[in-house]
Amino acid sequence: MLRPSAASPFVPLALASLLLAPAWVTAQSVDLEPAPHPGATWFPDAVHGEAALERLGPDLGQVAARHGMTAEELTHELETDPTLWLSGEGTLLFVDRPAPPELPVSAPSYSGTIPTSEAFTLHTNPDSKRVIYLDFDGHHSKGNGWGHNIVFPAWNTEGSPDTFTDGELQSIIAHWEYVAEDFAPWDVDVTTEEPPIDDILLTVFGDKRYGQRVVMTQITAGFGAGSGGIAVLGSFGFLQDTPVFVFNKGDNTGSMSASHEVGHGMNLVHDGLNGSTYHPGSGSGATSWGPIMGAPFGKTVVHWSNGDYPGSTAVQSDLAIISGSPTDPYPDDASDDVLAPTPLVGGCPDPSVRSVAGVIGWFDDVDAYTAEIQAKGVNL
């Protein structure tokens with residue numbers, strides 16, 4: 001949920017507690033280029049704003065409910081967010097603006113704790129019933145909600161389209177570490193290993209295992225031209241393999257874009273600021289902050305937001321929506337009872353147990369631990 005570093009897919013408990021209330025009042029709204037059209041080739045009849053509302057007409061309420069919104073909320077989004085489009089077939093999609101080309105990045109990158117030989121076998125929870133597949137090695141996208149037939153090439157940052165350099169493998173691991181951190185509070189498998197297709201699709205009513213493919217690639221055949229990412233709203237667990245796409249590059253920027261587009265797949269809309277579509281984040285250095293469903297590129301700490309910041313344009317609580325139908329909370333990893341705390345393995349002063357890592361799963365989550373301390377040969 002919080003992303004203070006890429007060193008571990010879990011958040012130090014004390015840090016998580018401290019950063020749940022960041023100082024976001026210093027953020028300023030920014031003006032960005034107009035949102036790109038989804039593309040004349042693939043969605044020539046796509047519209048947004050008032051034209052989209054007119055096209056929806058009496059179906060507005062039904063479409064809104066399908067995406068977990070009221071008619072008033074969807075009306076607000078279409079009237080204020082130029083990146084939200086409606087296709088001729090009635091599909092809502094986000095075409096996100098690209099990240100600025102040069103960003104000050106103070107967040108760490110590849111942790112160095114995972115060998116590059118494991119770049120395409122990474123999992124956070126292989127037994128989970130929800131899957132987020134970060135697809136870096138290319139994908140043939142066809143027969144899905146996008147209505148195209150395109151072979152998207154492998155993710156490439158160093159000019160070698162047929163092989164992955166050591167630097168690229170390190171970057172892939174860094175992307176996974178970041179996205180794993182973002183989804184740590186939920187029972188979901190963030191993986192770089194391609195799962196069986198049935199683990200992505202909602203194959204039948206009552207299917208318990210499904211998820212989303214995230215194609216990490218380059219703009220191809222004009223699809224996504226001028227954008228940093230593109231997603232069908234609510235496509236997490238579709239009947240067809242309808243991936244989200246990420247075109248932004250950079251360990252911090254690309255991974256944040258991946259989480260952002262999956263958020264759209266889970267029916268999340270944007271966190272804006274003072275009328276701007278995206279909250280750009282605030283501050284600098286180690287304490288810089290921003291909401292994942294904004295555009296806090298280059299910021300060190302990002303997390304899901306409920307929009308309770310000054311100047312917010314948000315209408316959703318990201319945590320509540322993700323914890324609703326798409327995913328279940330991650331199993332509590334420590335006792336909530338201070339009278340029956342979880343023992344620290346090894347005791348103190350074992351130098352390997354000076355701290356503990358875990359997940360603050362919700363605002364009222366309490367994790368209580370106990371340790372045995374020995375002083376001068378006497379057990380205390």
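Heavy atoms only: backbone and side chains are in, while hydrogens, waters and symmetry mates are out. Residue numbers start at 1 and run along the sequence shown.
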Carboxylate-amine/guanidinium proximity below 4.0 Å for Arg213 and Asp241: yes
Please tabulate, one pair per line, all N/O donor-acceptor pairs under 3.5 Å involving side-chain atoms of residues 219-240, not counting sequence neighbours.
| from | atom 1 | to | atom 2 | distance (Å) |
| --- | --- | --- | --- | --- |
| Thr220 | OG1 | Gln218 | O | 2.8 |
| Ser227 | OG | Gly224 | O | 2.6 |
| Ser235 | OG | Gln212 | NE2 | 3.1 |
| Ser235 | OG | Val232 | O | 2.8 |

Between Gln170 and Thr116: side-chain donor-acceptor atoms closer than 3.5 Å: no
Any side-chain donor near an acceptor of the partner, Ser276 and Asn274, under 3.5 Å: no
Ser312 side-chain N/O to Asp308 backbone N/O, donor-acceptor pair under 3.5 Å: no
Exercise: identify the closest heavy-atom pair between Gly254 and Val246: O-CG1, 3.8 Å
Euclidean distance, Met293 CE relative to Met256 CE, rounded to 0.5 Å: 12.0 Å
CA sep, side-chain torsions, deciding dist, call: Val269, Val315, side chain to side chain contact (heavy atoms under 4.5 Å, CB included): CA-CA 8 Å; Val269 297; Val315 298; 4.2 Å; yes
Separation of Glu79 CD from Glu72 CD (nearest 0.5 Å): 11.0 Å
Lys142 side chain vs His148 backbone, donor-acceptor pair below 3.5 Å: no
Atom pair CG (Leu268) and CD1 (Ile292), whose distance is rounded to the nearest 0.5 Å: 9.5 Å
Main-chain N/O of Asp59 paired with Gln62 side-chain donor or acceptor, under 3.5 Å: no
Geometric cation-pi criterion, Arg130 with Tyr210: 6.0 Å, 45°: yes
Joint hydrophobic cluster, Val244 plus Val95, side-chain heavy atoms closer than 4.5 Å: no
Transitive ILVMFWY side-chain link Trp176 to Val262, under 4.5 Å: yes
Exercise: do Thr121 and Glu193 side chains pair donor with acceptor under 3.5 Å: no
Side-chain donor or acceptor of Glu73 paired with backbone N/O of Thr70 under 3.5 Å: yes
Contact check, side chains of Pro243 and Asn144, non-hydrogen atoms, under 4.5 Å: yes
Derivation of the side-chain hydrogen bond (donor to acceptor under 3.5 Å, both in side chains) call for Thr277 and Thr83: CA-CA 8 Å; Thr277 303; Thr83 69; 5.7 Å; no
Gap between atom CG of Leu134 and atom CH2 of Trp155 - 0.5 Å precision: 11.5 Å
Asp318 and His303 side chains, donor-acceptor separation under 3.5 Å: no
Side-chain heavy-atom pair Leu92, Val63 within 4.5 angstrom cut-off: yes
Nearest heavy-atom neighbours spanning Ala286 and Val301: O-CG2, 3.9 Å
Joint hydrophobic cluster, Phe136 plus Tyr133, side-chain heavy atoms closer than 4.5 Å: no
Tyr278 versus Ala295, closest heavy-atom pair with distance: CB-CB, 3.6 Å
Short side-chain donor-acceptor distance under 3.5 Å, Ser317 and Asn306: no
Single-linkage hydrophobic cluster Ile173~Phe183, side-chain heavy atoms < 4.5 angstrom: yes
Any His48 side-chain heavy atom under 4.5 Å of Leu84 side chain: no
Ring pair (Phe, Tyr, Trp, His ring centres under 6.0 Å) partner of His37, chosen from Phe43, Trp42, Trp85: Trp85
His270: which of Gln316, His279, His260 passes side-chain hydrogen bond (donor to acceptor under 3.5 Å, both in side chains): His260
Interatomic spacing from CE in Met69 to CD in Glu77 - rounded to 0.5 Å: 6.5 Å
Distance in Å, Asn156 CG paired with Thr163 OG1, rounded so as to fall on 0.5 Å steps: 8.5 Å
Residue pair Ala46 / Pro38: nearest heavy atoms and the distance that separates them: CB-CG, 3.9 Å
Heavy-atom check, side chain of Thr157 versus side chain of Ser171, under 4.5 Å: no
Any side-chain heavy-atom pair of Ile150 and His140 under 4.5 Å: no
Heavy-atom pair with the smallest gap, counting every atom of Gly281 and Lys299: C-CE, 3.9 Å
Thr300 (side chain) donor-acceptor with Ser288 (main chain) under 3.5 angstrom: no
Glu54 atom CD: more than 12 heavy-atom contacts under 6.0 Å: no
Side-chain donor/acceptor of Asp271 to backbone N/O of Gly294, under 3.5 Å: no
Single-linkage hydrophobic cluster Phe245~Val214, side-chain heavy atoms < 4.5 angstrom: no
Pairwise side-chain contact, Leu93 with Ser87, heavy-atom cut-off 4.5 Å (strictly under): yes
Ser111 side chain vs Thr113 backbone, donor-acceptor pair below 3.5 Å: yes
Lys129 atom NZ, over 12 foreign heavy atoms within 6.0 Å: no
Phe164 ring center within less than 6.0 Å of Phe120 ring center: yes
Leu56 vs Leu86 side-chain heavy atoms within contact, under 4.5 Å: yes
Validation row, ring centre His139 to ring centre Phe152 under 6.0 Å: no
Flag for Trp186-Ser323: side-chain donor and acceptor within less than 3.5 Å: yes
Main-chain N/O of Thr253 paired to Ser257 side chain as donor or acceptor, under 3.5 Å: yes
Test item: Val302 and Asp182 side chains (from C-beta on) under 4.5 Å apart, heavy atoms: yes
Least distance between heavy atoms, Pro98 atom then Asn248 atom: CA-OD1, 3.6 Å
